[in-house]
Amino acid sequence: MAEKILAVLEQREGNLKRVSFEAASVAVSLASQLGFEAEAVVVGSEINNLNELSKYGISKLTHLKNELLENYSPSAYSEMIALFANESGAKILIFPNTAMGVDLAPRVSVKLNAGIAMDCMKLEVKDNDIIATRPVYAGKSLIDVKLKSGVKIFTIRPNVFRPQPVDSATVQVEIKQVENPNLKTKVTAFKKSEGKIDVAEADIIVSGGRGMKGPENFHLIEELAEVLGAAVGASRAVVDAGWRPHREQVGQTGKTVSPSLYIACGISGAIQHLAGMSSSKYIVAINKDKDAPIFNVADYGIAGDVFEILPALTEEIKKLKS
Amino acid sequence: MKIAVCVSQVPDTATRIKIGSDHKSIDPTGVTLIINPYDEFAIEEALKTKEKVGGDSLVYVISVGDDSVKETLRKALAMGADEAILLKSSGNKDSLAIAKALSDEIKSLGCELVFCGKQSVDFDSGITGQLVAEMLGYNCVSVVVDFKLDGNKIIAEREIEGGREVVETELPAVVTAQKGLNEPRYASLKGIMAAKKKTIAEKPAFDSEVFTEILDMHLPPSKQPGRILGTDKSAVPELVRLLREEAKVI
Ligand SMILES: Cc1cc2nc3c(=O)[nH]c(=O)nc-3n(C[C@H](O)[C@H](O)[C@H](O)COP(=O)(O)OP(=O)(O)OC[C@H]3O[C@@H](n4cnc5c(N)ncnc54)[C@H](O)[C@@H]3O)c2cc1C
């Protein structure tokens, strides 16, 4: 029987997240290169879109189910996943590098005595082994690593590996009822932040810095974000000044993001800010100082006043979308 | 109550990284080392908890590393930690091996509450606290921005995508600190003087198997310098055209 590679999917509020399809695609691609079989597992209560997984070439999906597991429980989820991985004999596990994945993967790694590489941006098969490339020092450098353990765990950075639909794929879904989950640690409530989209998950981010001059001007950022369906981000200077909440902070001590488009408005591009966003696919900078370091990483820039450019940009995109 | 704080020492965040000659680590010349920024939140929360719990509570700071780490431990002592322990290791360790060394020491000290930073800003894995918890069989709440201890019970809020999860659990536990949890105090002059007199206990770090092999360290591919399309709003249509037709991102 072929060895197994297991994608550990993530659901929130009963829906598989996009990053779950990314993890599934990574598992399928590695499996085909290694001659392994790709399976998936998800923990939760009711899950609405399990069948969406059928597009991505996973042969079998196991849903470990219990009504008490609607919300995340680190103790229960980690035990159930480790037990399942053990029973199914999985040799490689792929988790999303999300808040949940980062919480779960290390616990599972201890239970399975598995080596672990977090936040991978590339997973390459060489000589029948996996070489993972991951950022260190806030993305200022990259390392290639190999895990020497029998079981190996990798977490993948969201938005970096694109989900790859496979022709005529189907998935066999098995639902396994789990008794008495370990609820020693459990989530009792979720406080949703008012912001619409979280920077960590956004495909487009419009970010404002001290050049926005004050919190009252951030409506210009919000309006552009709105027409683009983007998340609002901020530099630390702005967060420290209390203009924006910390959860919007991008950078070394904020969030690391890899959207397809990052628009930096009135942000100088300090090294700690670049650390969090320089792996964005495309970067646009609007800054009136043409020597600002942000232009060194930007693909396109306008060396002008944000108060003039932002409204014009919002208008232009509105025109395009209508 | 005995409280442990795991701290690490990292290059200053303003450091420009140069790859070392071994191509597996950074060139240390000219790099200033500081206490990991998230660990300051961990120390602060430990001190606040000690003050609240009172009695004969003690805060231990523990680090794995070489002699240079004493500097960072001294800083933690100056903030108000009671005891510092350096688990000496100069060899290669991965997160699992570091967590093993820390958890062995925490076990022998008998600490029932452990604080870590949510992430060390050098290797950025963000997993030490969770690993330590799992190795000790303790409960764990990671990336915490709000922490309350009521007797044995913990109610904490952790940051996740799109909001905060309210998590309930019990001691013994490990908590990893995120920015926003508190405002770390500055060391007082009295604290600094007292820290100078304290000894830092030194022990060899538990030597466990290392699973991670670093094959190569390299800089991210450098970007072509971008195009400045103009200096006023007349450049906007061209920007939108490029985003649509060339970059294909809108
Ligand atoms: C330990 C540590 C961790 C840090 N972590 C982070 C982090 O996570 N994220 C982060 O962002 N920073 C971080 N920093 C801070 C970082 O060093 C910078 O201070 C910060 O990024 C600066 O923010 P800014 O670019 O918004 O402000 P500034 O540096 O003040 O830049 C403002 C920019 O706006 C431009 N501007 C002004 N007016 C206009 C206008 N009308 N139109 C157009 N442009 C205008 C100016 O030319 C300037 O370039 C960290 C620092 C330390 C020490």
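Chain A is the first sequence line, chain B the second, and so forth, proteins listed ahead of strands; every chain is numbered from 1.
Within the structure, the ring pair (Phe, Tyr, Trp, His ring centres under 6.0 Å) test picks out the following pairs touching residues 142-178 of chain B (sequence neighbours left out): B:F115-B:F147.
When the heavy atoms of residues 119-133 of chain B are compared with those of chain A, the residues falling under 4.5 Å are B:V121, B:D122, B:F123, B:D124, B:S125, B:G126, B:I127, B:Q130, B:L131, listed by number. For residues 13-22 of chain B, the interface with chain A (any heavy-atom pair closer than 4.5 Å) comprises B:T13, B:A14, B:T15, B:R16, B:I17, B:I19, sorted by residue number.
Between B:Y38 and A:T253, the closest heavy-atom pair is OH-CA, 3.2 Å. Residue A:I302 comes nearest to B:D232 through the heavy atom pair CG2-O, 3.9 Å, listed as atom of the first residue, atom of the second, then distance. Closest of all the heavy-atom pairs between A:Y137 and B:P11 is CE2-CG, 3.5 Å.
In terms of non-hydrogen atom pairs under 4.5 Å with chain A, the most contact-rich of B:D216, B:V141, B:V167 is B:D216. Ranked by heavy-atom pairs under 4.5 Å with chain A, the list B:M217, B:K233, B:H218, B:K118 is led by B:H218. Highest contact tally toward chain B, considering only A:D103, A:L320, A:D305, A:L261, is held by A:D103 [criterion: heavy-atom pairs under 4.5 Å]. Options A:L142, A:V110, A:V136 differ in how many heavy-atom pairs under 4.5 Å they form with chain B, and the most are formed by A:L142. Annotation: maximal heavy-atom pairing with chain B below 4.5 Å, among A:K192, A:H246, A:E315, A:M121, occurs at A:H246. Taking B:E170, B:M135, B:R244 one by one and counting their heavy-atom pairs under 4.5 Å with chain A, the maximum is reached by B:R244.
Counting heavy atoms from C-beta outward, B:L96 and A:S109 have side chains that approach closer than 4.5 Å. Inter-residue side-chain proximity for A:K191 and B:V166 is flagged as met; some heavy-atom pair is nearer than 4.5 Å. Residues A:E316 and B:L239 have side chains not in contact (no heavy-atom distance under 4.5 Å, counting atoms from C-beta outward). With contacts defined as side-chain heavy-atom distances shorter than 4.5 Å, the pair B:T212/A:L147 qualifies.
Proximity to chain B (any heavy atom under 4.5 Å) is shown, for A:Q252, by both the backbone and the side chain. Contacts between A:T98 and chain B at a heavy-atom distance below 4.5 Å involve backbone atoms as well as side-chain atoms. Neither the backbone nor the side chain of A:V199 comes within less than 4.5 Å of any heavy atom of chain B. Heavy atoms of A:A189 lying under 4.5 Å from chain B belong to its backbone as well as its side chain. Of the two parts of B:I160, the backbone and the side chain both hold a non-hydrogen atom closer than 4.5 Å to a non-hydrogen atom of chain A. Heavy atoms closer than 4.5 Å to chain B are found in both the backbone and the side chain of A:I309. Contact of A:I131 with chain B is made through the side chain alone, with heavy-atom distances under 4.5 Å. The contact between A:A114 and chain B is made entirely by backbone atoms, counting heavy-atom distances below 4.5 Å. Of the atoms belonging to A:D119, not a single heavy atom falls under 4.5 Å from chain B. Contact annotation for B:V10: neither backbone nor side-chain heavy atoms come within less than 4.5 Å of a heavy atom of chain A. Residue contact with chain B, scored on non-hydrogen atoms closer than 4.5 Å, involves the side chain of A:I271 exclusively. Looking at B:Q178, only its side chain comes within 4.5 Å of chain A, counting heavy atoms on both sides. For a residue to count as touching a neighbouring chain, one of its non-hydrogen atoms must lie under 4.5 Å from one of that chain's; by this rule B:E157 touches chain A with the side chain only.
Residues satisfying the salt bridge (Lys or Arg N to Asp or Glu O under 4.0 Å) test with A:K255, not counting sequence neighbours, are A:D198.
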**Request:** For A:I204 and B:V249, run side-chain contact (heavy atoms from CB on, under 4.5 Å): C-alpha distance rounded to whole Å, both residues' side-chain angles, the deciding distance at 0.1 Å, then the answer.
**Result:** CA-CA 8 Å; A:I204 302 182; B:V249 287; 5.8 Å; no
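B:T231 places no side-chain N or O within donor-acceptor distance of the main-chain N or O of A:G304, the cut-off being under 3.5 Å. Side-chain N or O atoms of A:S141 include none that pairs as donor or acceptor with a backbone N or O of B:L219 at under 3.5 Å. A:R247 contributes no side-chain N or O that, together with a main-chain N or O of B:R164, makes up a donor-acceptor pair within less than 3.5 Å. Using modelled atom types, one side-chain atom of A:R107 and one backbone atom of B:C140 make a donor-acceptor pair closer than 3.5 Å.
Shown here is A:E70, whose CD atom has no more than 12 heavy atoms of other residues, nucleotides or ligands within 6.0 Å. The environment of CD in A:E13 is sparse: at most 12 heavy-atom neighbours from other residues, nucleotides or ligands sit within 6.0 Å. Within 6.0 Å of NZ in A:K122 there are 12 or fewer heavy atoms belonging to other residues, nucleotides or ligands. Within a 6.0 Å sphere centred on CD of B:E183, other residues, nucleotides and ligands contribute 12 heavy atoms or fewer. The local environment of CG in B:N92 is sparse, with at most 12 non-hydrogen atoms from other residues, nucleotides or ligands closer than 6.0 Å.
Classification of B:E165 and A:R12 as a salt-bridged pair holds, one side-chain N sitting under 4.0 Å from a carboxylate O. Classification of A:K111 and B:E134 as a salt-bridged pair holds, one side-chain N sitting under 4.0 Å from a carboxylate O.
Note that OH of A:Y300 is 6.5 Å distant from CG of B:L243, once rounded to the nearest 0.5 Å.
Of the options A:I153, A:I116, A:N113, a side-chain contact (heavy atoms from CB on, under 4.5 Å) to B:F211 is made by A:N113 and by none of the others.
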